[in-house]
Amino acid sequence: MKRQGKLLLSLFLITWVVFAVSLLINHGHNYIGKSFFGSDQFRINVENFKDQLGRYVLVPFDAEEAKKNIKVSQEEIEHHRNYYGTLTEQIENIRWQYSDRITEAEAQNDAELKKLLEEERDTKIADITENYNNDEHVEKKIRQQKEKIIDDYVANEKDSRNNFLNELSYFNYSLKNIETGEKFDSGEVNTSDIFKERFGDQKPYFNVDISMYLDPYGDDNGVALLEGVHVDEHAQFEGTISIPKSMLANTSFGADYQSFTITKVIFYIIWATGILALVGLLTIAKPSIEQFKGSNRAKGLYLKWPIDIRIVITIISAFIAFGLSDIIGNEIRNNYVYYEMNNWISLIVEFLIYIVFMFVATIITIYGAFWTWESINSEEKLKKEFKAAFVYRLADGMQDLFLNRSIGLQSVAILVIAFLAGVGIVGATWEPDLAVLYIILFFFIALPAGIIFLRRMGYLNRIMKQTKDMAEGRLTSEIKVKGKGKSPFARHAANLNQLREGVRKSMSEQAKSERLKTELITNVSHDLRTPLTSIITYTDLLKNPNLTEEERNKYIDVLDKKSARLKTLIEDLFEVSKMASGNIEINKQRIDLTQLMQQAVGEHEEAFANANLEIRVTMPEEPLYAYVDGQKWWRVLDNLVVNALKYSLEGTRVYVTLNRVGAEAQIAVKNISKYEMSENVEELTERFKRADASRHTDGSGLGLAIAQSIVDLHNGRLKIDVDGDLFKVTVTVPAEY
């Protein structure tokens with residue numbers, strides 16, 4: 001308990017020291033070593049007196065002299081002459097003004113009125129005509145107008161001079177014009193006067209300058225008809241002005257003088273107690289930093305706020321503390337204490353309330369500063385607090401908001417419109433004249449924006465619901481794309497539809513992949529088991545000692561063929577696996593594809609003849625070069641030719657074509673298949689996939705798969721076309737010159 005009391009004492013002393021220092025900074029220069037007669041407030045009164053003394057007494061406005069100095073320029077004459085138009089236009093205008101009235105007088109048989117109107121009309125016409133014939137006539141009119149400006153100014157100044165003589169009669173003065181020697185005295189200047197200011201005698205003169213510009217009159221539309229009147233009067237005086245002590249009570253600032261004295265005493269008391277508080281803080285209280293770092297419930301609650309919010313709270317508390325200090329100082333200074341002394345109880349209560357709030361704000365500032373610093377006094381803590389900061393999270397969220405700029409801008413626009421709509425409601429409530437404008441803006445801006453927002457939110461809900469259906473595997477319904485797909489939500493719906501199609505295709509491909517995987521295992525097992533079974537069977541037969549030499553040789557020949565068959569299958573399988581994994585080296589060279597094609601076809605001409613197949617080869621006469629791996633590209637050509645040899649219908653033709661198409665070399669092999677072809681021709685490039693579904697032929701099903709892999713490694717393309725029984729394989733690869 002004693003510790004808490006000492007802590008509160010320390011906080012109060014700190015608050016009072018800060019309060020005293022604040023008052024010293026803001027008001028010390030106005031009161032320390034200063035009197036009321038040296039204050040800015042009093043100097044304003046003195047300067048006002050000097051200004052009016054020079055204007056109304058020392059150098060009064062000389063109307064006659066100003067009239068003598070009136071000047072009329074040729075521009076003013078021309079402006080006055082043509083202000084209402086040309087001569088003919090002005091005459092026509094005058095006649096038109098009087099025509100109806102003269103006609104009306106004739107109708108009433110009022111000859112006298114008619115005569116007066118005609119004379120008045122003719123007089124004006126004559127005056128206008130004279131304006132255009134005589135500059136002096138116009139100049140006289142302008143001069144009369146400017147003289148009237150001067151007369152009106154003099155009339156207004158007369159009232160102001162009387163007010164000056166009545167209100168500032170407490171000043172005494174004794175002054176002499178240093179140029180003319182003319183003296184001006186009012187009252188006696190004594191050494192006992194409470195205020196005295198001397199001019200001249202090694203001090204600045206009392207300068208009077210009443211240079212002015214008298215604004216001209218304007219017409220009914222406020223347009224100036226002539227230039228103003230310039231008055232330039234100035235003089236210098238020496239002497240003294242003063243205020244007798246006996247007149248202080250009669251001055252307009254007598255109360256200010258008393259208030260200044262009281263305020264000065266109060267400030268001195270506060271500064272003296274501030275010094276005592278500082279001494280007590282350093283001797284009796286002696287607060288330590290550890291006192292302000294203590295762990296308690298308030299600290300825990302405070303540290304739950306983000307670091308930037310804590311900093312803002314601390315800064316605002318500091319501003320409140322200094323602001324309340326300044327408010328108290330200003331109210332003490334601005335005559336508040338003097339005028340409220342008759343109600344001193346309420347005055348003391350009000351000041352105590354200010355001090356209590358200032359004390360609380362100071363406590364929050366001190367603890368906030370210590371606790372905040374303690375939470376960021378290491379690099380690790382600072383990083384942690386920075387990532388949890390409100391502004392950091394807000395910026396992160398705003399960044400996500402503007403990933404789509406259109407949605408970001410629309411969201412901000414909706415918030416601004418909603419805010420302005422709320423402001424408009426308040427404004428229309430307080431100012432009924434704004435209600436009509438608010439209603440117009442509400443129905444043409446706020447309401448349409450709200451409707452658009454609700455429709456967009458409804459559309460977003462629909463998109464979210466169908467997205468959930470997609471996530472749960474229901475891909476049957478397509479999301480409706482509104483507004484021709486131009487809005488962000490519509491584009492999002494279109495993207496989700498594309499994703500939906502992608503998922504469906506992926507699922508279809510996955511099912512196909514599972515099916516092909518199953519077939520691959522089945523086919524590999526079948527193709528490997530067939531020669532292996534034969535090898536096992538004939539090996540058992542060779543164990544029979546009663547075999548003849550002819551039978552033994554026959555069995556050995558079968559074993560040799562099946563072993564070679566098994567070796568080829570395994571080698572092809574390893575080669576496809578290496579190509580699929582990209583674990584194969586390619587040694588590209590500039591190869592003549594024409595020569596390579598001739599070799600590939602030539603090796604199998606006899607086999608084609610034995611199979612009752614006619615092969616037709618079309619190749620360019622000149623070399624056709626490509627940058628390829630010769631050994632592997634020969635494998636592609638050999639596989640294509642062998643594939644046609646195995647699966648072509650007997651008695652038909654096989655067409656092999658090589659030519660240049662643009663910048664590419666194109667190889668095509670066409671034949672009539674002796675097996676019924678599946679519609680999914682792409683599957684023929686899958687491993688162990690064969691046109692002979694019953695697998696009666698010796699093919700491994702890897703020929704086209706190997707060819708496809710080699711072509712892909714050379715950045716080429718392999719395409720299969722089936723039209724009924726017509727089977728065509730087309731291979732393209734970049735050609736070289």
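Please read all numbers here as calculations on a predicted model, not as lab measurements.
- Here the shortest heavy-atom pairing between Ala600 and Leu637 reads CB-CB, 3.9 Å.
- The structure places CH2 of Trp371 at 10.0 Å from CD1 of Ile364, a figure rounded to the nearest 0.5 Å.
- Within a 6.0 Å radius of CG in Asp723, other residues, nucleotides and ligands contribute 12 heavy atoms or fewer.
- Every residue two or more places apart in sequence or in another chain that forms a side-chain hydrogen bond (donor to acceptor under 3.5 Å, both in side chains) with Ser648 is listed here: Asn671.
- Residues Phe727 and Ile720 meet the side-chain proximity criterion, which asks for heavy atoms closer than 4.5 Å.
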Salt bridge (charged side-chain N to carboxylate O under 4.0 Å, His left out) evaluation trace for Asp638 with Arg635: CA-CA 5 Å; Asp638 184 70; Arg635 181 71 181 275; 5.4 Å; no
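- Within the 3.5 Å criterion, the main-chain N or O of Ser673 finds no donor-acceptor partner in the side chain of Asp725.
- Taking CD of Glu605 as the reference point, atom CG of Leu613 lies at 13.0 Å (rounded to 0.5 Å).
- By the side chain to side chain contact (heavy atoms under 4.5 Å, CB included) test, Gln599 pairs with Gln595, Leu596, Trp634, sequence neighbours left out.
- Dense packing is recorded around NZ of Lys588, with more than 12 heavy atoms of other residues, nucleotides or ligands lying under 6.0 Å away.
- Here the CG atom belonging to Asp557 is positioned 8.5 Å from the CG atom belonging to Asn553, to the nearest 0.5 angstrom.
- Not a single salt bridge (charged side-chain N to carboxylate O under 4.0 Å, His left out) links Lys304 to another residue, sequence neighbours left out.
- Remark: His714 pairs with Trp633 by the ring-ring contact (aromatic ring centres under 6.0 Å, His included) rule, at least two apart or across chains.
- Between Leu645 and Ala611, the shortest heavy-atom contact is CD1-CB, 4.0 Å.
- A distance of 8.5 Å separates CE of Met597 from OG1 of Thr657, quoted to the nearest 0.5 Å.
- Here CG of Asn639 is found 8.5 Å from NZ of Lys646. Values are rounded to the nearest 0.5 Å.
- Minimum heavy-atom separation, Ala665 to Ala735: N-CB, 3.7 Å.
- The environment of Glu603 atom CD is dense: over 12 non-hydrogen atoms of other residues, nucleotides or ligands sit within 6.0 angstrom.
- Taking both residues in full, the closest heavy atoms of Ile591 and Val628 are given as CG1-O, 3.8 Å, listed atom of the first, atom of the second, then distance.
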Can I get a per-line list of side-chain donor-acceptor pairs under 3.5 Å for residues 615-623, giving both atom names and the distance, sequence neighbours left out?
| residue | atom | partner | partner atom | Å |
| --- | --- | --- | --- | --- |
| Arg616 | NE | Glu614 | OE2 | 2.7 |
| Arg616 | NH2 | Glu614 | OE2 | 2.6 |

Steps toward side chain to side chain contact (heavy atoms under 4.5 Å, CB included) verdict (Leu640, Val731): CA-CA 10 Å; Leu640 295 180; Val731 176; 3.9 Å; yes
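- To the nearest 0.5 Å, atoms CG (Leu718) and CD1 (Ile710) are separated by 10.5 Å.
- With contacts defined as side-chain heavy-atom distances shorter than 4.5 Å, the pair Tyr625/Thr594 does not qualify.
- Remark: Lys554 pairs with no residue by the salt bridge (charged side-chain N to carboxylate O under 4.0 Å, His left out) rule, at least two apart or across chains.
- Among residues at least two apart or in separate chains, salt bridge (charged side-chain N to carboxylate O under 4.0 Å, His left out) pairs with a member in residues 658-667 are Glu664-Arg717.
- Taking the side-chain hydrogen bond (donor to acceptor under 3.5 Å, both in side chains) definition, one finds that Asn643 meets it with nothing, sequence neighbours left out.
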Donor-acceptor contacts under 3.5 Å from residues 309-319 side chains, at least two apart:
| residue | atom | partner | partner atom | Å |
| --- | --- | --- | --- | --- |
| Arg310 | NE | Trp305 | O | 2.8 |
| Arg310 | NH1 | Ser375 | OG | 3.0 |
| Arg310 | NH2 | Trp305 | O | 3.3 |
| Arg310 | NH2 | Glu385 | OE1 | 2.6 |
| Arg310 | NH2 | Glu385 | OE2 | 3.3 |
| Thr314 | OG1 | Tyr302 | OH | 2.8 |
| Thr314 | OG1 | Arg310 | O | 2.8 |
| Ser317 | OG | Ile313 | O | 2.8 |

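- Using a 4.5 Å heavy-atom cutoff, the side chains of Val733 and Leu593 are in contact.
- With sequence neighbours excluded, the residues that form a side-chain hydrogen bond (donor to acceptor under 3.5 Å, both in side chains) with Lys381 are Asn377.
- By the 4.5 Å heavy-atom criterion applied to side chains, Thr730 and Gln666 are counted as neighbours.
- Under the rule for a side-chain hydrogen bond (donor to acceptor under 3.5 Å, both in side chains), Arg590 has no partner lying at least two apart in sequence or in another chain.
- Side-chain contact check for Lys670 versus Val656: every heavy-atom pair is 4.5 Å or farther apart.
- In this structure Leu649 satisfies the side chain to side chain contact (heavy atoms under 4.5 Å, CB included) test together with Thr652, Ile672, Lys674, sequence neighbours excluded.
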